[in-house]
There are 2 protein chains.
Amino acid sequence: MVSPNVEDTTSFTHTLGTLVKKSWANLMKVTNMVKEFGQDDPRRVIHSFKVGLALVLIYILHHFRPSFYGFGDNVIWAVLTVVIVLELSVGATLGKGFNRMLATGLAGALGVASNKLATLCGDKGKVVMTSIFVFVIAERVTFMRFSPKLKARYDYGMIIFILTFCLISLSDMTGHELLEIAYGRLLTIIIGSCIAITVCIFICPVWIGEDLHNKIVGNIEKVAEFLQGFGDEYFNNSENTEVENDKQFLERYKSVLSSKSSEETMAVLARWEPRHGRFRFRHPWKQYLKIGNLTRFCAYKLEALSVYLHNSKTPYEFRSRIQESCTTISMELGKALKESSLMIKKMSKSSTPKSHVLNAKNAAESLKSILRTNPWEGADHLEIIPASTVASLLIDIVICVEQICEAVDELASLANFVPAELMHRGIVQPISDSNGSVHVVTVSE
Amino acid sequence: MVSPNVEDTTSFTHTLGTLVKKSWANLMKVTNMVKEFGQDDPRRVIHSFKVGLALVLIYILHHFRPSFYGFGDNVIWAVLTVVIVLELSVGATLGKGFNRMLATGLAGALGVASNKLATLCGDKGKVVMTSIFVFVIAERVTFMRFSPKLKARYDYGMIIFILTFCLISLSDMTGHELLEIAYGRLLTIIIGSCIAITVCIFICPVWIGEDLHNKIVGNIEKVAEFLQGFGDEYFNNSENTEVENDKQFLERYKSVLSSKSSEETMAVLARWEPRHGRFRFRHPWKQYLKIGNLTRFCAYKLEALSVYLHNSKTPYEFRSRIQESCTTISMELGKALKESSLMIKKMSKSSTPKSHVLNAKNAAESLKSILRTNPWEGADHLEIIPASTVASLLIDIVICVEQICEAVDELASLANFVPAELMHRGIVQPISDSNGSVHVVTVSE
């Protein structure tokens, strides 16, 4: 039998072919995106596997129903707990697990007590009493959730508190039966939390404290990179082989400008984490926030400085008079920050940053004395303004960097960093200020 | 019978008295803190009442068990939904409610389908198949949660998707029974979401779009305040009665520096909100983010500028030569921003900001021509550097402010602001640049 409309079929096949091709292309696009995305941070792939594993574990536990506890219908609470509690980092998982267990326990006890109290008031009285209890607890705890201090650490616990209290209050059961159910659920939630915490800690753990540590180190390095590159870049003197050809390092500090909130979140979560690697249980995470803030203030100044990088109208002959001291200041500040970041990275005490800051201060003094002699006498003032602004901003940044180095020193004593005698060998020759000349500074890393 | 140790009893009573007093004092402290906290933002108190009300509503619905749907045991899903979905703002509640309903529906359908498929494989096959399904779904969806774009809008939905799929897979029921349970739960979750959304929208709604709108207006105002006050403050000429006695306005812009992440969150949530007040459903929220970013860049420059406010070493006689044009620039920029913020606030088109920017530009040109004549010939260069840096930074800020005004104009055309002829009366006399003299600028607000 021949089809009456071959053309239609062809066009349909064609359309179908196009559709399949398009879908395939889309699928490949998504797959590639996901692949790249996983390569960016392989920990994400591992975390996804961990979630899958934990849930399969619960499924198997549930399927074989060990007789030592009543998993039964309560399995949903274990699933709920694992799905919600198991987070990427150990800190977040511990925080949520602790919140969940504590809040369920407390709210369960309060719920059972208020249920007993309400039952005493007779059938109609129970409805009124329970309504009042539910309203008051939900209203008060919701209000407390707005407090920034409580929200940071216990927000999840407060939601679970309301939830558990309401569930128990709304239950039709009373007395012994209710107690049994509440006990069963609490046990299931504890088991779920423990599975989540175990999987999180024992399979490729991600420590958020370490992330914060690395992030702060990275931020200081970005600011250091900019400062180390600035001198050569501004005075168009990129012969230095250390400076890479791409100008990426002049842009990287921009991510520091808006990292405040993520640093704060990390510090809150890091406080939940137990001793791990080089970090104690009560590692001074707050000091990291202080260093982070100071680094950010420094980045704000770099933002002002960077305008003049691409906009240097001052003729080279004028700029060259301050070139030596400006380059020294920015280079020494960059080195001071680099050394400070190394101090945090290796967790070792060092006095090298201080000497670099001292060198920068001396260079700033010699820059000031150059400026005092009116190096641009007779020049068009408008033309030399950008250069003198750069000089002024650089002198201002010296104070910023000194504060960062002091905060890092403070961290070193708070976290008991080991002295660096054996860990780090560096020679810094002081730059004498008297004649304004600059010596060579050697640091072997 | 006389107690053998009267002293002990007295000391115990004393200790108890102290304890009660202390507890009372602590309770009063907390109560006061909470009270102040509620006065800060009364919407928090109202929101807490709303949560309490919604839960009591569910309790009463549950108690009287209307026969038109099977609430019964499924009541926990309604409670869970209301506790988690009901957020402070309409945008967040709608987003979560929508996520919850959609994800439950989709995961439910997929779960029932995969359950049927697994049942076909016999008893042992079912365990293996279900384990594989659970693992693959949990792993893939968890991985997708890391994608920033998906995370912003659908994070909650993806958690619920995993949860629902796992619950259905782990259920012992099959076939018709399973379908009935799934249907009942979906219905309860939809009812819970609807209760939460209704309570959120119809009792004193908090629109996050409006919050974002006000926040952007506030940020621009803070920057404007600084600029309007800067000239007088820097040149120690605070005779102007408009400037308040406290110097708070010079610090307020600092909150703009770190507002990026909260603005982004608000913009994501605002997209869920329906038409309300003066805002359409597809109000250009992204443009608000653009304006917010530009305002933040301007605030970075203010941060650099503010150093010279408390650190003005330049003798007054030198500063006074640039005083007039510098004060005009900062005042005009402040006015331009103030007018721009008013434009957004009143949602009206206006050309006033542009004229103020033009005035500032003219003043910048005249400042440049003053600088070109070397006003400080013969002075100690080091002493005049701070003043010339201020001049240079101010000239730089003109471009920043112009960009903000352009972005606000763009918003005005995107959001169809009404022309301001009737809403706003202002007279701006252009400042002629030719002779560098400054005319009076009058703006009646």
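Chain letters run A, B, ... following the sequence lines, proteins first, then strands; residues in each count from 1.
- Between B/Lys301 atom NZ and A/Lys301 atom NZ the span is 14.0 Å, to the nearest 0.5 Å.
- Listed options A/Ile395, A/Ile385, A/Val136 were ranked by heavy-atom pairs under 4.5 angstrom with chain B; first place goes to A/Ile385.
- Less than 6.0 angstrom separates the ring centroid of B/Phe49 from the ring centroid of A/Phe135.
- When the candidates B/Leu88, B/Val141, B/Ile137 are compared by the number of heavy-atom contacts under 4.5 Å with chain A, B/Leu88 comes out ahead.
- Comparing B/Leu367, B/Thr389, B/Val390 by how many heavy-atom pairs each has under 4.5 Å with chain A, the most go to B/Thr389.
- In this structure, chain B has a heavy atom under 4.5 Å from the side chain of A/Ile384, while its backbone stays farther away.
- For A/Ser169, the part sitting under 4.5 Å from any heavy atom of chain B is the backbone (N, CA, C, O) and nothing else.
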(request) Evaluate side chain to side chain contact (heavy atoms under 4.5 Å, CB included) for B/Ile162 paired with A/Leu55, printing each intermediate quantity in order. (result) CA-CA 10 Å; B/Ile162 301 179; A/Leu55 286 172; 3.8 Å; yes
(request) Could you please spell out the steps behind the side chain to side chain contact (heavy atoms under 4.5 Å, CB included) verdict for B/Cys166 and A/Tyr59? (result) CA-CA 9 Å; B/Cys166 289; A/Tyr59 174 68; over 6 Å; no
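- For the side-chain hydrogen bond (donor to acceptor under 3.5 Å, both in side chains) with B/Ser261, the qualifying choice from A/Ser262, A/Ser261, A/Ser259 is A/Ser261, the only one to do so.
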I'd like a table of donor-acceptor pairs (distance under 3.5 Å, sequence neighbours excluded) in which one partner is a side-chain atom from residues 124-134 of chain B, with atom names and distances.
from     : atom 1 : to       : atom 2 : distance (Å)
B/Thr130 : OG1    : B/Lys126 : O      : 2.6
B/Ser131 : OG     : B/Val127 : O      : 2.8

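- Partner B/Val83 forms a side chain to side chain contact (heavy atoms under 4.5 Å, CB included) with one of A/Ile160, A/Leu167, A/Thr164, A/Ile159 and no other, that one being A/Ile159.
- Note: B/His47 and A/Phe146 have perpendicular aromatic rings, judged against thresholds of 30 and 60 degrees for the angle between ring planes.
- Remark: A/Glu139 pairs with no residue by the salt bridge (Lys or Arg N to Asp or Glu O under 4.0 Å) rule, at least two apart or across chains.
- Both the backbone and the side chain of A/Leu393 come within contact range of chain B, with heavy atoms under 4.5 Å apart.
- For the atom pair B/Ser258 OG and A/Glu263 CD, the distance stands at 11.0 Å (nearest 0.5 Å).
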(request) Check the pair B/Phe297, A/Glu303 against side chain to side chain contact (heavy atoms under 4.5 Å, CB included), reporting the backbone distance first and the verdict last. (result) CA-CA 9 Å; B/Phe297 277 117; A/Glu303 182 69 20; 3.4 Å; yes
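- Looking only at heavy-atom pairs under 4.5 Å with chain B, the residue among A/Ile370, A/Val82, A/Val79, A/Leu305 that has the most is A/Val79.
- The CE atom of B/Met144 lies 14.0 Å from the CZ atom of A/Arg44; values are rounded to the nearest 0.5 Å.
- Side chain to side chain, A/Ser48 and B/Thr142 fail the donor-acceptor criterion of an N or O pair below 3.5 Å.
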(request) Start with the C-alpha gap between A/Lys260 and B/Leu257, add the side-chain angles, then the distance that decides, and say whether side chain to side chain contact (heavy atoms under 4.5 Å, CB included) holds. (result) CA-CA 10 Å; A/Lys260 188 182 172 75; B/Leu257 296 170; over 6 Å; no
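- When A/Ala304, A/Ser388, A/Ala391, A/Ala54 are compared by the number of non-hydrogen pairs under 4.5 Å with chain B, A/Ser388 comes out ahead.
- The two residues A/Leu80 and B/Leu163 make their nearest non-hydrogen contact at CA-CD1, 3.4 Å.
- Using a 4.5 Å cut-off between heavy atoms, A/Lys368 touches chain B through backbone and side chain atoms alike.
- Between A/Val51 and B/Ala138 the shortest heavy-atom distance is CG1-CB, 4.2 Å.
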